[in-house]
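To start, the structure under review is shown below, and the notes come after it.
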Amino acid sequence: MTEHKKLGLTARIVIGMLAGIIVGFFFKWLLAGQEERVLYFVGLDIPLKALFIDGFFHIGGEIFIASLKMLVVPLVFVSLVCGTCSLSDTSALGRLGGKTIGLYLITTALAISLAIFAALLFSPGEGVQMQSDANFNPSEAPALSQVFINIFPSNPIESMAKGNMLQIIVFAVLFGLAMAMSGKAGERLSAVFNDLSDVIMKLVTLLMNLAPYGVFFLMAKLFTTLGFETIASLAKYFGVVMLVLVLHGFLSYGVILKLLTGLNPLVFFRKMQDAALFGFSTSSSNATMPVTMETVTKKLGVKNSVASFTVPLGATINMDGTAIMQGVATVFIAQVFGVDLTPGDYLMVVLTATLASIGTAGVPGVGLIMLAMVLQQVGLPVEGIALIIGVDRLLDMTRTAVNVTGDAMVSCIVGKSEHAFDIKVFNDINAGTKEEDIDFHHLR
Ligand code: ASP
């Protein structure tokens, strides 16, 4: 093997991303106004859009996302069974659950309060005209009571087939608890689950090595289709959401982490790079979950007994970035429609958006659907969503990176307080990175 130094994974992902963006812009320019453009090459007519954008880029990107999603259900189930089963004291589970859910809700409420404050300060909706053709038909947001009932599975196989995360979590926790109480049978099964967990984590690592290509395809496709005209007309709304996302993602998380754990936020952010990039390019906390899990356990040092619970739960119910968009969007829409919201209304927004984030699945664009629920709560017109939909794609990417970072931060806090945290791993800058270089010698 040649001995030249290989670039780290993060650098490779960034290169893939930038290359994708450049190629995307190139195709956008090439196809501007002539979608059906063909290229004559060695005597053949090559339809550019069909071959590249709807062909290679689309297929490559979809395969990448599908292969990440493929790991989510087995990973969550297996590692959570291992995690619950390894808890020395089963009463720890209630404490763990309480702390995790409590922190997720508090950080989300903080995020949305910050968003409302910033939106009131900068008034992004003033002077924006409501287009008369604006039209948005939200799909029905689920009723809150149904959100709670849906947590409990009646058929765990169906939950897995549908990828219903909260139901899988409930089943895995109960299964793990029963295993811990089953003596010898439980111990034998636990050894099998631990082996399975190692194998699945290896699969995650293998896939992460393909990320630079996957990210290239995703970005190339996205940037051929992304319209920037709408961003210009909604620059203020876009800017305020971005500002609060950055503030919350770095400042709030940094301060909370430092105050509650004493850990160095800079080390934390440095180690979060890959997971945040995955979140950014896939726009899906769910699809990013395998990478978040790997980062939290192997790079940040949180033990599996905690991470296997906090990470999937976070990817499902903790959406600080989404709540920020919802906070700014609510104020924006109220301003555009000239509706005065009372302090009570704002409180209602904080409450509903925090609860709505529980029901927001970690997939692209759902935040907007749940926004309909928040708007209805305070009597704002749901059609307002049509105004911001045009700029939502880039915001979705950024807020997903924040959502993922929030999950990892809370995992560190809970891990540290439960003494399920390895400070040596956290402080070791190279922890977890060596495994990214897969050695295929045994396959040769
Ligand atoms: N895409 C976000 C996520 O997966 C959810 C949303 O805000 O739409 O975390």
Side-chain angles (χ1 to χ4, degrees), residues 98-125 138 141-148 237 240-253 255-256 259-260 285 313-314 316-337 339-362 366-382 384-385 387-388 392 395-396 398-400 402-403 405-407 409-410 413:
K99 268 186 209 171
T100 311
I101 296 174
L103 277 168
Y104 280 150
L105 294 181
I106 293 171
T107 48
T108 307
L110 174 72
I112 185 158
S113 310
L114 210 65
I116 293 179
F117 179 73
L120 288 175
L121 195 69
F122 294 107
S123 305
L144 268 186
S145 57
Q146 202 54 41
V147 169
F148 288 113
Y237 164 74
V240 175
V241 178
M242 279 293 189
L243 175 79
V244 186
L245 284 175
V246 171
L247 272 181
H248 188 69
F250 286 104
L251 213 65
S252 309
Y253 287 164
V255 171
I256 296 174
L259 284 182
L260 296 188
S285 318
L313 195 66
T316 317
I317 71 167
N318 184 46
M319 309 271 163
D320 292 4
T322 306
I324 288 172
M325 175 279 287
Q326 291 175 341
V328 179
T330 308
V331 176
F332 172 80
I333 290 170
Q335 286 170 349
V336 173
F337 283 89
V339 179
D340 277 331
L341 294 178
T342 63
D345 287 335
Y346 288 122
L347 207 64
M348 199 60 181
V349 173
V350 175
L351 212 73
T352 9
T354 306
L355 291 178
S357 73
I358 299 180
T360 308
V366 218
L368 272 194
I369 297 173
M370 297 310 274
L371 175 61
M373 180 172 137
V374 179
L375 293 179
Q376 271 160 1
Q377 256 331 297
V378 286
L380 284 170
V382 172
I385 295 179
L387 275 177
I388 51 173
D392 198 59
L395 292 178
D396 192 7
T398 318
R399 69 180 181 249
T400 308
V402 174
N403 290 345
T405 310
D407 302 342
M409 194 228 20
V410 168
I413 297 176

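In this text the structure is predicted, and so the values were computed from the model without any measurement.
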Practice problem: Show your reasoning for whether side chain to side chain contact (heavy atoms under 4.5 Å, CB included) applies to Met409 and Thr107. | Solution: CA-CA 10 Å; Met409 194 228 20; Thr107 48; 4.1 Å; yes

Quiz item: Just one of Thr322, Leu245, Asp407 clears the side-chain contact (heavy atoms from CB on, under 4.5 Å) bar with Val402, so which one?
Solution: Leu245

Taking distance alone, no hydrogens or angles, what donor-acceptor pairs closer than 3.5 Å link side-chain atoms of residues 324-332 to residues at least two apart or in another chain?
| unit_1 | atom_1 | unit_2 | atom_2 | d |
| --- | --- | --- | --- | --- |
| Gln326 | NE2 | Gly367 | O | 3.0 |
| Thr330 | OG1 | Gln326 | O | 2.6 |

Quiz prompt | Spacing of Thr342 atom OG1 and Leu347 atom CG [to the nearest 0.5 Å] | solution = 9.5 Å

Self-check item: Residues Thr400 and Asn403: side-chain donor-acceptor under 3.5 angstrom
Solution: no

Quiz prompt | pair Met370-Thr352: side-chain heavy atoms closer than 4.5 Å | solution = no

Quiz item: What are the two closest heavy atoms between Pro124 and Ala119, and how far apart are they?
Solution: CD-O, 3.2 Å

Quiz item: How far does CG of Leu380 sit from CG of Leu341, to the nearest 0.5 angstrom?
Solution: 5.5 Å

Practice problem: Answer whether the closest heavy-atom distance between the side chains of Leu351 and Gln377 falls below 4.5 Å. | Solution: no

Quiz item: Tyr237 pairs by side-chain contact (heavy atoms from CB on, under 4.5 Å) with which of Leu395, Val336, Ile333?
Solution: Leu395

Quiz prompt | Non-hydrogen side-chain atoms of Thr108 and Asn318 separated by less than 4.5 Å | solution = yes

Self-check item: Derivation of the side chain to side chain contact (heavy atoms under 4.5 Å, CB included) call for Leu110 and Ile256
Solution: CA-CA 11 Å; Leu110 174 72; Ile256 296 174; 4.0 Å; yes

Quiz item: With sequence neighbours left out, what residues match Ser252 under side chain to side chain donor-acceptor pair (under 3.5 Å)?
Solution: His248

Practice problem: Measure across Leu313 and Tyr104 and return the closest heavy-atom pair with its distance rounded to 0.1 Å. | Solution: C-CE1, 4.2 Å

Quiz prompt | Heavy-atom pair of closest approach, residues Leu368 and Ile385 | solution = O-CD1, 3.6 Å

Self-check item: Closest non-hydrogen atom pair, Tyr346 against Leu120
Solution: OH-CD2, 3.2 Å

